[in-house]
Amino acid sequence: MSRIQWRVRELPKTISQTIRFRWQYGKQCIRSLTYNHHMNQSYASDVCMEPIFWFVDNFTHLLGPFFVFAVICLTTAVVTICYWIGLPYWWNRNRYMTVFLMIVGHWLLLNVVYNFYKAASVSPGYPPEKELIAEAVSICKKCIAPKPPRTHHCSVCNRCVLKMDHHCPWLNNCVGYHNHRYFFLYMLYTTIGTLFIISFGFELGYGVLFLDEAGWKEMEPLQGHPVRFNLSGHIIPVTEMNDYEHDGMAPAEHDLPIPHPNDRTETIHGAILFMALINVATLFALGSLTAWHSTLITRGETSIEAHINKSETKRLAAMNKVYRNPYDFGSRQNWRIFLGITRKRTWWRHVLLPSSHKPEGNGLTWLTYEIASDNADEWP
């Protein structure tokens with residue numbers, strides 16, 4: 001049998017077999033055109049998300065000033081309403097309690113404003129340019145420059161950032177080596193501040209929004225029974241709403257004005273509703289974010305390093321090995337390093353009060369738990 005005759009016999013005979021053959025052949029052609037040895041699920045998802053990445057890289061930096069302006073406006077509005085409605089409310093209730101609330105409130109406000117300003121204005125720290133960096137561990141593929149440990153490239157700022165955590169549009173700035181502490185303390189004090197406002201403004205807000213009291217509460221409600229005096233001066237309890245029933249007269253009709261809520265009452269109601277929505281939303285949003293970053297600080301890692309360490313943990317677990325973060329010195333020591341409570345610095349002066357102290361080191365070299373255990377003298 002010749003070769004041509006053999007190929008003819010191999011071709012499908014029926015219509016269904018022909019269609020199936022053409023379908024399989026077409027799929028193989030398409031796969032051959034898109035075949036890539038390095039193709040995987042992660043690479044495919046990155047390709048699909050490329051338009052979103054492009055939008056973030058090109059427009060986040062432009063929208064940053066508007067986000068900063070929005071934070072300033074919202075904070076100013078909340079503080080103004082506290083002075084306008086909350087302060088008179090508590091002053092009429094208890095003046096000593098009002099003084100206490102004023103002290104605590106201004107302490108929280110001072111820390112919120114200071115840490116927000118520092119987080120937005122302080123540079124996160126960048127590797128030195130056009131210099132030989134002996135501490136570099138790799139080369140940035142986008143900057144084509146040496147990259148020190150814990151340094152990552154920010155696509156929004158278009159440069160590498162020391163100990164980069166993420167780019168925050170609400171600050172219009174990267175969160176990195178020099179301003180990470182300011183960023184966290186801003187979130188922490190803002191969360192405490194919103195919880196403070198909700199706790200001490202709950203009764204006022206509940207009365208205005210649900211009881212329609214317009215901020216006023218009767219401390220001693222009237223008690224008793226309606227009465228009337230007869231001709232001899234005796235007091236007779238009134239049990240009927242119609243006082244003229246026994247005289248055979250119809251009830252009196254009065255053309256009294258119907259009370260309408262004034263503009264001030266509606267304004268107060270709207271302001272209290274605005275405070276409730278803003279503070280509850282901020283409490284949940286920043287509260288969850290603060291809890292997440294607290295977990296990262298406890299483990300001695302940043303947001304980017306959390307993903308890297310998770311991947312390394314899985315990779316080594318498949319090899320029956322245990323991965324340990326080289327910058328994890330234990331929860332207590334990690335917090336001391338992050339907050340800068342080293343070299344005789346105190347919690348009361350450098351955390352509870354605004355402080356501009358800088359982090360330890362230069363952001364280029366980092367101690368690991370192995371080096372720190374061998375060289376205790378180098379420990380800050």
Short side-chain to backbone donor-acceptor contact, [X] and [Y], under 3.5 Å:
X      : Y      : result
Asn334 : Thr298 : yes
Asn173 : Ala119 : yes
Thr151 : Lys147 : no
Asp165 : His180 : no
Asn94  : Met97  : yes
Arg349 : Pro354 : yes
Thr194 : Thr191 : yes
Asn115 : Val112 : no

Enclosure of [X] [atom1] (heavy-atom neighbours >12, cutoff 6.0 Å):
X      : atom1 : value
Tyr117 : OH    : no
Gln24  : CD    : yes
Phe274 : CZ    : yes

(message) Could you check whether Arg20 makes a cation-pi contact with Trp23, meaning its NZ or CZ is under 6.0 Å from the centre of the six-membered ring and within 45° of the ring axis?
(response) no
How long is the straight-line distance from [atom2] of [Y] back to [atom1] of [X], given to the nearest 0.5 Å?
X      : Y      : atom1 : atom2 : value
His293 : Ser303 : NE2   : OG    : 4.0 Å
His178 : Leu162 : NE2   : CG    : 6.5 Å
Ile337 : Ile297 : CD1   : CD1   : 12.0 Å
Leu108 : Leu195 : CG    : CG    : 10.0 Å

Heavy atoms only: give me the nearest [X]-[Y] pair and the separation to one decimal.
X      : Y      : result
Pro148 : Pro146 : CD-O, 3.8 Å
Ile304 : Met164 : CD1-O, 3.7 Å
Cys174 : Pro124 : O-CB, 3.6 Å
Tyr182 : Ser355 : CE2-O, 3.5 Å

(request) Could you tell me whether the side chain of Cys82 reaches within less than 4.5 Å of the side chain of Ile197, counting heavy atoms only? (result) yes
(message) Taking side chain to side chain donor-acceptor pair (under 3.5 Å) as the cut-off, I'd like each qualifying pair that reaches into residues 70-83, sequence neighbours left out, listed once.
(response) Tyr83-His106
(request) Can you sort out the partners of Arg315 under salt bridge (Lys or Arg N to Asp or Glu O under 4.0 Å), two or more places apart, ordered by chain and number? (result) Glu312
(request) Tell me, please, which residues at least two apart from Arg324 pass salt bridge (Lys or Arg N to Asp or Glu O under 4.0 Å). (result) none
(request) Flag the pair Trp84 / Tyr89 as yes when their ring centroid distance falls below 6.0 Å, and as no otherwise. (result) no
(message) Do the side chains of Lys163 and Glu305 get close enough for a salt bridge, i.e. N-O under 4.0 angstrom?
(response) no
(request) Mind telling me whether Trp335 and Phe338 have parallel, tilted or perpendicular rings, with 30° and 60° as the class edges? (result) perpendicular
(message) Between Phe196 and Trp107, is the ring-ring contact (aromatic ring centres under 6.0 Å, His included) condition met? List the steps.
(response) CA-CA 12 Å; Phe196 172 81; Trp107 167 67; 9.3 Å; no
